[in-house]
Amino acid sequence: MSGNAESTAYRSALEVIGAVEPRVANAIRAELADQRESLKLIASENYASPATLLAMGNWFSDKYAEGTVGRRFYAGCQNVDTVEALAAEHARELFGAPYAYVQPHSGIDANLVAFWAVLADRIESPTLKRAQARHVNDLTEADWFALRRELGNQRMLGMSLDAGGHLTHGFRPNISGKMFDQRSYGTDPETGLIDYDRVATAAREFKPLILLGGYSAYPRKVNFRILREIADSVGATFMVDMAHFAGLVAGKVFTGDFDPVPHAHIVTSTTHKSLRGPRGGLVLCGTELAEQVDRGCPMVLGGPLPHVMAAKAVALAEARRPDFVDYAGRIVANAQALADGLQRRGAKLVTGGTDNHLALIDVTGYGLTGRQAEQALLDSGIVTNRNAIPQDPNGAWYTSGIRVGTPALTTRGFGTAELDATAELIHTVLSRTSPGTNADGTASKAKYVLDPGVADRVGKQASDLLTGFPLYPAIDLG
Ligand code: DSN
C-alpha cells in the first residue's frame with residue numbers, strides 16, 4: 001500500500017469519527033503522537049501494521065458468529081467463516097501446528113480455553129460436558145460444587161510469578177488459581193536459570209495434570225523437549241503459553257528443542273506481542289484436542305470478534321513473509337545489545353543477559369525499587385514496566401526489577417547501535433535517581449528524586465534518537 005493511501009485512510013477515518021465525538025478523534029491523534037515520541041521498551045508491546053489495524057475497523061465488528069467455521073449459531077456468517085478460516089490456516093502454516101483456534105479475545109481467554117479442553121479430555125465429568133454447552137457464567141452454585149467434585153482437585157505445575165511466570169498460570173488472583181491446585185517451579189538462586197532437575201523432582205512429587213511452560217519475564221530460552229519428557233514421565237499434559245515469544249517461534253529464532261509447537265500437547269499465545277498482530281489470542285494443538293478446544297465458545301468465550309480475526313489473518317500472513325524471519329532475528333540481536341550495554345555500564349541483570357526479546361534489570365543495584373525506577377524513566381521519555389525479580393524483597397507491587405524488551409523498537413527500525421545508546425540513557429537515569437522519603441522521614445518505596453535537569457536532557461536525547469526512525473512514516477495526519 002502506498003503511504004498516500006495510509007494517510008488518506010486515517011485522515012478520512014478521523015474526520016468521520018471527529019464529526020461525531022471530536023474528543024475521541026483527538027485522543028486517537030494524541031495516542032499516535034505519544035507513541036511516536038516515546039522510547040517504548042515494554043516487552044509485551046509492539047506496533048501493528050496499518051493493514052492489521054485497518055482490518056479491525058469495519059462491519060465485521062457488527063456480526064455475531066458463535067460456533068465454528070461452517071457451524072454457527074447465527075445465520076449469515078459466510079464472510080466471518082472466510083476470515084476465521086484464513087486466520088486459522090495462516091496460524092497452522094506459520095507454526096506447523098495440526099490445528100489452530102483463533103477466537104480467543106486475549107491470552108487469558110486462550111489459556112482458559114486450553115485448561116478446559118485438557119480437563120474435558122482427561123477427566124470424566126458429566127457436569128463438565130453439560131457446562132461446555134453453556135457459558136461458565138451460567139453455571140449455578142450447585143453446578144460448580146458438582147464440577148469441583150467430579151473434576152477432583154486437579155493440579156497444575158507452572159513457573160512461579162517472581163521467576164517470570166504469568167498470573168494466569170495458576171496464581172490466586174486469577175481464575176486459574178481457583179480452578180487448580182497450583183505449585184510452581186522457580187529458577188536456580190545462583191544462576192537465575194530454570195533448573196530442569198528441580199522441575200522433574202517437583203513434577204514427581206506433585207503429579208500435576210498439566211505441566212505448564214512459558215513466561216512473561218524470563219530472559220532465556222526454554223528447552224521444551226526436556227519439559228515434555230518431564231510431563232510424559234508423570235503422565236501430565238504439557239501446555240506452553242508462548243504469548244511473549246510467539247514472534248521468535250514464527251521467525252524461526254526458536255527452533256528444535258526451543259520451539260514449543262512440536263513438543264507440547266497444546267500451545268497458547270497472544271497475537272499482539274512479538275507476533276505484532278492485533279490484541280487477541282490463539283490456541284494450537286493436535287487433532288486429538290481440537291474438538292474440546294472448539295468448545296471454547298460458549299464455554300468461556302463470548303461471541304467471537306470477527307473484526308479481530310480478520311486482523312489476525314492479515315498479521316499472520318505478514319508473519320509468514322521472509323522479512324519476518326529477519327525481524328525476529330533483529331529483536332534478539334537488539335535485546336542482547338541492550339543487555340550488554342546495560343551490563344557494561346554497571347547494571348545488574350537477572351541471569352546475566354538474554355537470549356530472547358527481553359532483559360530484566362535488578363534495580364536494587366541502583367538502590368531503587370522497580371516503582372521508583374519505572375517512574376524516573378517515564379519522566380525521561382522511556383516507557384518500561386516494573387517487574388518482580390526472583391525472591392523479590394519488595395514484593396509484586398513495588399518490585400525490584402525493570403523489564404525491558406525490544407520488539408517495538410525493532411519494528412521502528414532500531415539496530416544494535418541505537419539499543420546501546422538506549423542502554424546509556426537508562427543507566428544515566430537510574431544512576432541519577434535516589435530514593436525519596438516519606439513525610440515521617442522513613443524511606444519511601446515509591447517516592448524518588450531525579451537529579452535536576454536529567455529528565456529533560458535524557459528526554460531530549462531519546463527524542464533525537466527516535467527522530468531517525470519515524471513511526472508509521474507514511475502516515476501524515478496533517
Ligand atoms: N500483560 C502482559 C505482559 O506485559 O507481559 C502479559 O499478559
Side-chain angles (χ1 to χ4, degrees), residues 35 38-48 104-115 156 158-177 182 184 187 212-222 239-249 254 260 267-283 300-301 308 312 331-332 335 338 350-351 354 356-361 363 370-371 373-375 377-378 382-390 392 396-411:
Q35 294 210 20
S38 60
L39 212 45
K40 175 153 63 165
L41 284 158
I42 293 185
S44 48
E45 292 187 6
N46 212 327
Y47 304 108
H105 308 163
S106 67
I108 285 193
D109 283 356
N111 284 345
L112 281 175
V113 170
F115 294 151
M156 177 155 72
M159 194 166 189
S160 70
L161 258 187
D162 73 351
H166 192 251
L167 197 65
T168 57
H169 296 182
F171 297 94
R172 263 197 305 170
N174 182 257
I175 184 76
S176 57
Q182 194 265 4
S184 46
T187 45
L212 182 46
Y215 53 80
S216 55
Y218 180 68
R220 295 292 178 178
K221 284 179 177 174
V222 174
M239 170 173 161
V240 175
D241 176 347
M242 65 169 184
H244 258 263
F245 52 92
L248 304 185
V249 179
F254 287 175
V267 175
T268 58
S269 186
T270 52
T271 44
H272 50 275
K273 298 188 173 89
S274 53
L275 195 52
R276 208 164 58 180
R279 301 199 79 80
L282 57 80
V283 180
V300 287
L301 300 179
V308 181
K312 286 175 186 172
I331 290 176
V332 178
L338 178 62
V350 174
T351 81
T354 179
N356 57 22
H357 62 299
L358 68 88
L360 193 55
I361 310 170
V363 293
R371 189 175 154 96
E374 178 191 77
Q375 289 302 311
L377 288 166
L378 188 63
I382 303 174
V383 187
T384 62
N385 71 286
R386 66 188 187 278
N387 208 101
I389 61 172
D392 199 309
W397 177 250
Y398 293 108
T399 82
S400 303
I402 285 288
R403 189 183 66 166
V404 285
T406 53
L409 288 179
T410 304
T411 294

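Atoms within each ligand, like the ligands themselves, are counted from 1 in listed order. Small disclaimer: the values here were computed from a predicted structure and weren't measured.
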Check your understanding: When rounded to the nearest 0.5 angstrom, what distance separates CG in N46 from CD1 in I331?
Key ->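 If we round to the nearest 0.5 Å, N46:CG and I331:CD1 are 6.5 Å apart.
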
Review point. Got a second to check how far Q182's CD is from H169's NE2, nearest 0.5 Å?
Key: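 One gets 10.0 Å once the value is rounded to the nearest 0.5 Å.
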
Check your understanding: Do R403 and S44 have side-chain N/O donor and acceptor atoms under 3.5 Å apart?
Key ->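 Side-chain D/A pair, R403 to S44: present.
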
Residues in salt bridge (Lys or Arg N to Asp or Glu O under 4.0 Å) with [X], at least two apart?
X	value
R276	none
K273	none
R279	none

Review point. When you look for protein heavy atoms under 4.0 Å from ligand 1, which residues do they belong to?
Key: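 Heavy-atom contacts below 4.0 Å: S44, H166, S216, H244, K273, R403.
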
